[in-house]
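I have placed the structure first, in the form of structure tokens, so that the comments after it can refer back to it.
Since the model is a prediction, treat every value here as computed from it, not as a measurement. Order of the sequence lines sets the chain letters (A, B, ...), proteins ahead of strands, with each chain counted from 1.
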Amino acid sequence: MPDYDGVNGLREEFRVVGSRNLPGRLSQALATGVAKFGLDYVMPGMLHAKFLRSPYANARVVSVDATAARALPGVVEIITWEDEEIRALGSRGERFGTSKPWLDNIADREGVEVAVIAVAESEDICEEALRALVVKWEVLPHVTDLIKGSREGAPVIRPEESTPPSFGRPGTVNNDFPKKGNVYHVELISGDIVEGFTAADHIVEYDMYTPAFAAHLPNPSGSIAWWSKDPYQGDGPNLHIEGAVREKHAISVMYGLPDEKTIQEGLFMGGKYCDWGLRKSQEITPLLAKRTGRPVRCVNTREEMYDFLMNERYLHLKVGFMNDGLITAVEDISVADHGSRGSSSFGNVGDLTQGPFNTMKCKNVAQRMDVVDSNRGIMYVSGQHCPFNWDSLTLGIHLIAEKLDMDPIDVAKVNLHGPASQDDPNPVPSFERCIEAGKKLMDWDWHKAGVKVLPDGRMHGMSFRYQMCPRHSGVVYKCKLEYRDGVVHMPTQGPLFGAYVVEANAMVVAEELGLRYEEVSIDYDYREPFRAFGGGSDGTTASAWAMKECANLLKRQILEAAIDYAENPPQPAMFGPPPAEPGPFKGLKPEDLDLVGSKVVIKAEPDKGVPLSQASGKNLFATYTGRPPLSVWSTGPMGKVLDVMNAAFCEVAVDTDTGEVEILRFGAVADPGLVLRPISLESQIDQVMYFSQGCQLLEDFIYDERTGVRLNNNMLDYKKPGMLDAAPVEREFIETRGSNAVYGASGISHSLANTHLVIIAIQNAIGAWVDPPATPDKVLRALGKA
Amino acid sequence: MDNHEPARTSEMIRAVPAALDEYRCPLCGACFATRAELARHYEGEHPGVVAPVVVALMLNGESRQVLIEPHWTLQRALQFRLGLSGTKHMCDRGACGSCTVILGGRPVLACTTLAIECEGMEVQTIEGVAADLRWKPLVDAYCRWDAMQCGYCTPGFLMAAKALLDRNPHPTEEECRAALAGNICICGTYPRHATAILEAAMLMGGEGAIPVSEDGGGADA
């Protein structure tokens with residue numbers, strides 16, 4: 001459904017939107033190191049703080065003797081979890097699971113903050129103080145292997161907790177099962193699964209493994225805070241904090257302050273992609289600064305930053321299908337990680353029903369999931385990387401194709417329902433176009449597994465997947481635009497994460513007001529309410545819809561003011577330059593005027609007008625609070641109607657002597673509705689393909705089974721792809737303008753990220769399945785060579 | 001585009017005092033007028049602890065002194081003593097390139113280089129490169145091609161690119177990729193760096209910018 005509800009939603013000509021090489025407004029600051037992130041701030045007289053971190057996967061601090069630590073030169077405070085002010089703290093950031101104290105003596109994963117905070121003149125002294133503590137630990141049994149942890153007789157690590165995970169859990173889920181040991185069981189059954197399998201001509205069953213994958217924020221999280229009293233900021237103390245970034249409001253609430261008394265001028269939050277959780281290092285500094293009367297800095301180390309972007313999950317799938325490839329029944333039996341306390345439930349119950357099964361015509365679907373308490377780690381908010389476990393169906397489609405000797409694209413076509421409902425036989429237009437473009441892009445010539453040998457002797461494999469774009473559309477944006485001294489200003493509090501959201505909003509403002517992009521002044525101010533959040537490119541299209549409405553409200557005011565200026569020209573002032581010559585607008589109505597080429601002009605005589613900068617001496621402002629219509633995707637039962645689509649392809653070469661896999665190329669054809677800022681969108685695709693490559697070929701957490709300790713929390717042993725690893729990505733955009741965000745755009749969200757596209761291509765090359773990450777040793781094992 | 005950065009980085013460089021005007025004890029905060037007084041303070045108050053040392057650097061073309069503890073890395077000295085936070089701390093063990101500086105003409109990782117080992121050496125940081133208008137085409141090309149997303153690792157990439165262009169003003173795309181192989185970008189911006197460097201090389205060599213092709217790519221980069 002295009003953007004019918006908004007002003008100019010069906011605009012046909014674009015001057016600014018869609019333009020290339022319009023630099024980010026703060027790119028210069030980023031490139032030159034002027035941009036400061038939370039951990040970059042250094043203040044005179046600054047103290048440092050560090051938390052005691054658990055060396056055990058599951059343990060309880062029985063007692064702490066801090067006598068020796070307190071006696072060290074440079075130690076200012078040793079604070080324990082029993083401190084009254086610590087006990088009174090409560091996090092207000094994104095948080096999940098059973099409510100728990102902000103800091104206590106329970107350590108439920110290795111490396112978690114526990115029991116003690118050291119405050120000292122330097123980080124070195126903090127660390128020395130923590131080493132000087134005499135801590136009595138009660139080491140408890142741990143669970144880092146989900147399968148073992150879900151078995152009867154496994155040590156129960158959180159017997160006191162029985163509330164099933166809930167974040168993102170659909171209301172139709174049956175979670176009315178008593179917790180058994182570490183396991184919450186949930187089920188989501190639709191249709192008649194027995195009947196579905198009875199009707200099938202064939203049944204395939206397969207196991208699938210999705211490893212955990214690191215969020216890996218480039219800038220280690222942390223903050224610095226200090227307090228001040230400044231009459232220009234009103235009565236009472238002001239909290240200055242740098243490093244809370246997007247969660248400034250959560251810090252305000254945590255410390256009982258109005259938003260305007262929490263001052264954060266830094267704009268840069270680093271690459272936080274759907275990892276919105278506040279770390280304790282971002283929350284504690286205001287309290288410590290208040291206690292010590294000095295600025296306090298607390299920053300995590302790299303080793304303390306290995307949280308999950310995706311939880312571990314084991315799946316067993318059983319798929320029934322007809323001779324033509326039509327799926328009649330799906331049973332998905334999963335074991336998924338519930339993580340340590342506070343872990344998000346995207347990746348487990350949050351995946352249910354929203355996943356790929358709703359794009360299928362088949363209505364007989366049973367999802368049964370064991371969600372297992374573990375000591376493996378924590379996931380903040382969301383698996384930005386491929387939510388909803390989409391590739392469980394991708395794998396099934398390829399298995400059906402293999403069984404029936406059909407092109408997997410044809411299997412997907414048979415099973416994809418039309419845009420209206422699961423009974424709609426019409427194709428999804430966007431899907432058809434993506435597929436056709438993708439076939440051309442990739443010279444698609446599918447072959448059965450293990451049959452194609454490249455001239456250099458390596459085996460050739462290829463794969464395909466599709467996914468819909470779930471546009472975030474529920475966020476309300478508080479937009480404001482000002483016309484001040486002849487210039488249009490777009491004030492925003494920022495901050496900036498790794499997407500050019502603010503720039504795209506400014507492009508839309510420029511488009512609507514007849515300005516050049518450079519003429520919109522983006523004013524960053526922490527007091528301003530506008531934040532263009534709500535996802536990457538998809539959030540951009542939503543915020544820009546609201547900003548489009550705001551721009552048109554301002555436009556009306558400017559045109560009215562230009563007429564008023566013409567009819568009531570101001571008297572010359574005693575000081576300053578003479579007033580500008582009014583435009584020839586006497587007796588006209590706003591409808592007679594337009595903003596074109598940075599001028600106010602008469603529509604019927606566009607060569608008659610005045611520069612916008614001289615249109616009026618008034619200061620004007622417009623506000624708009626709202627959001628675009630909910631995305632098609634989220635109306636009605638979640639996921640029953642498709643929004644715009646994309647298709648991704650992968651081509652690999654596998655050396656069967658060495659087990660090495662080379663991704664020859666990725667192909668991505670996406671329908672973002674309309675491209676607002678092309679390089680941003682291309683970057684987003686490059687990024688998700690890069691994530692996808694990493695988790696399928698390189699990245700994995702290694703645990704010591706005996707202790708539950710993670711062995712590779714560093715950038716040497718946990719391998720992210722580098723410049724020479726990154727595979728070529730070929731992209732193509734199809735603009736159907738089928739969404740109801742700005743101008744029919746939807747963005748692409750993170751739907752191109754995948755967990756098994758490369759794995760399927762490897763299977764297509766060698767005829768054997770390799771669990772991700774497909775390292776050479778695993779490939780050789782799958783070939784029976786190791 | 002915000003073009004104030006050369007002036008701002010020049011200001012940051014000028015703000016670093018040429019000589020130390022106080023010698024502060026990192027253990028207790030006491031201040032002294034000379035290094036000798038600080039050393040005596042250590043002997044009396046913190047016996048057995050190694051006292052801070054003064055290291056002289058030729059920092060971005062200017063002679064500078066810095067008081068550090070002997071185990072401090074160059075990255076730490078730049079951020080915590082000299083106020084230059086463009087040399088970023090990411091991996092802290094020489095695996096990501098975010099802290100790349102040019103030391104004695106060679107790109108090195110400041111997180112695994114002890115500051116004390118840099119005594120008397122020429123150190124170029126991103127602030128120095130940004131303040132030098134000769135390198136503006138490189139900065140501008142990075143911005144024009146969005147060779148950054150969150151931007152945290154970007155100064156390190158730029159320093160590696162600058163070091164490449166220092167030794168090879170006309171690199172090929174392959175040479176660009178090889179020169180940046182030690183830099184990690186979590187946001188996955190890899191495809192755009194070579195384009196930006198090649199454009200900078202062309203501009204610095206008196207040629208024009210890379211034209212934008214229909215599919216949005218830059219030339220053959």
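Taking the side chain as every heavy atom from C-beta outward, A:Pro220 and B:Tyr152 approach each other to under 4.5 Å. In this structure, the side chains of B:Phe157 and A:Met723 come closer than 4.5 Å at one or more pairs of heavy atoms. For the pair A:Thr32/B:Trp135, no side-chain contact is recorded, criterion being any heavy-atom separation below 4.5 Å from C-beta on. The closest side-chain heavy-atom distance from A:Phe37 to B:Ser85 is not below 4.5 Å.
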Item to check | Working for side chain to side chain donor-acceptor pair (under 3.5 Å), residues A:Asn219 and B:His89 | outcome: CA-CA 7 Å; A:Asn219 47 318; B:His89 164 116; over 6 Å; no
Checklist entry - Passes side-chain contact (heavy atoms from CB on, under 4.5 Å), B:Thr189 versus A:Asp686? Steps please. => result CA-CA 7 Å; B:Thr189 57; A:Asp686 292 344; over 6 Å; no
Next on the checklist: With side-chain contact (heavy atoms from CB on, under 4.5 Å) as the criterion, how do B:Cys185 and A:Tyr690 come out once you've worked through the C-alpha distance, each side chain's angles and the decisive distance to 0.1 Å?
Outcome noted: CA-CA 10 Å; B:Cys185 171; A:Tyr690 162 81; 5.9 Å; no
Checklist entry - Run the salt bridge (charged side-chain N to carboxylate O under 4.0 Å, His left out) check on B:Arg93 and A:Asp717 step by step: do they pass? => result CA-CA 11 Å; B:Arg93 57 173 70 186; A:Asp717 299 323; 5.1 Å; no
Next on the checklist: I'd like to know whether B:Arg192 forms a side-chain contact (heavy atoms from CB on, under 4.5 Å) with A:Ile679, so could you lay out the CA-CA distance, the side-chain angles of the two residues, the decisive distance to 0.1 Å, and finally the verdict.
Outcome noted: CA-CA 10 Å; B:Arg192 283 170 292 288; A:Ile679 302 186; 4.0 Å; yes
Checklist entry - Under the side-chain contact (heavy atoms from CB on, under 4.5 Å) criterion, do A:Glu121 and B:Arg24 qualify, and how do the steps go? => result CA-CA 11 Å; A:Glu121 296 286 344; B:Arg24 188 171 184 271; 3.8 Å; yes
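At distances below 3.5 Å, not a single donor-acceptor pair connects side-chain atoms of A:Arg302 with backbone N or O atoms of B:Asp92. The main-chain N or O of A:Gly270 is never found under 3.5 Å from a side-chain atom of B:Gln149 such that the two would form a donor-acceptor pair. Between the side chain of A:Asn21 and the backbone N or O of B:Arg144 there is at least one donor-acceptor pair closer than 3.5 Å. Between the B:Tyr190 side chain and the A:Pro721 main chain, a donor and an acceptor come within less than 3.5 Å of each other.
Closest approach of A:Pro218 and B:Ile186 over heavy atoms only: CB-CG1, 3.8 Å. Between A:Val42 and B:Gln79, the closest heavy-atom pair is CG2-O, 3.7 Å. Nearest heavy-atom pair across A:Gly33 and B:Lys88 is O-NZ, 4.5 Å. Taking all atoms of both residues into account, the shortest heavy-atom contact from B:Val139 to A:Ala31 is CG1-CB, 4.2 Å. Pairing each heavy atom of A:Gly24 with each of B:Asp146, the nearest pair is N-OD1, 4.2 Å. Shown here for A:Ser27 and B:Met148, the closest heavy-atom pair between the two residues is O-SD, 3.6 Å.
Both the backbone and the side chain of A:Leu716 come within less than 4.5 Å of a heavy atom of chain B. Interface residue A:Asn714: only side-chain heavy atoms are found under 4.5 Å from chain B. Residue contact with chain A, scored on non-hydrogen atoms closer than 4.5 Å, involves the backbone and the side chain of B:Cys91 alike. No part of A:Tyr517 comes within reach of chain B, as not one of its non-hydrogen atoms sits under 4.5 angstrom from that chain. The part of A:Glu303 that comes within reach of chain B is its side chain, from C-beta onward, which places non-hydrogen atoms under 4.5 angstrom from that chain. Residue B:Ile184 touches chain A through its side chain alone, counting heavy-atom pairs closer than 4.5 Å. Interface remark: A:Met46 contributes side-chain atoms only to the contact with chain B (heavy atom separation under 4.5 Å). Residue contact with chain A, scored on non-hydrogen atoms closer than 4.5 Å, involves the backbone of B:Ala178 exclusively. Proximity to chain A is limited to the side chain of B:Leu158, based on heavy atoms less than 4.5 angstrom apart. Looking at A:Asp124, both its backbone and its side chain come within 4.5 Å of chain B, counting heavy atoms on both sides. Only the side chain of B:Met12 has a heavy atom closer than 4.5 Å to any heavy atom of chain A. Of the atoms belonging to B:Arg81, not a single heavy atom falls under 4.5 Å from chain A.
Expressed to the nearest 0.5 Å, how far CH2 of B:Trp145 lies from OG of A:Ser683 amounts to 11.5 Å. Note that NZ of B:Lys136 is 6.0 Å distant from CD of A:Gln28, once rounded to the nearest 0.5 Å. If you take CD on A:Gln687 and SG on B:Cys187, they are separated by 5.5 Å, rounding to the nearest 0.5 Å. Atom CG of A:Leu217 sits about 9.0 Å away from atom SG of B:Cys150, to the nearest 0.5 Å.
In terms of non-hydrogen atom pairs under 4.5 Å with chain B, the most contact-rich of A:Met689, A:Met305, A:Arg677 is A:Arg677. For the options B:Ile126, B:Thr154, B:Leu138, B:Asn183, heavy-atom pairs under 4.5 Å to chain A are most numerous at B:Ile126. For the set B:Pro155, B:Ser98, B:Gly86, the count of heavy-atom pairs under 4.5 angstrom toward chain A peaks at B:Pro155.
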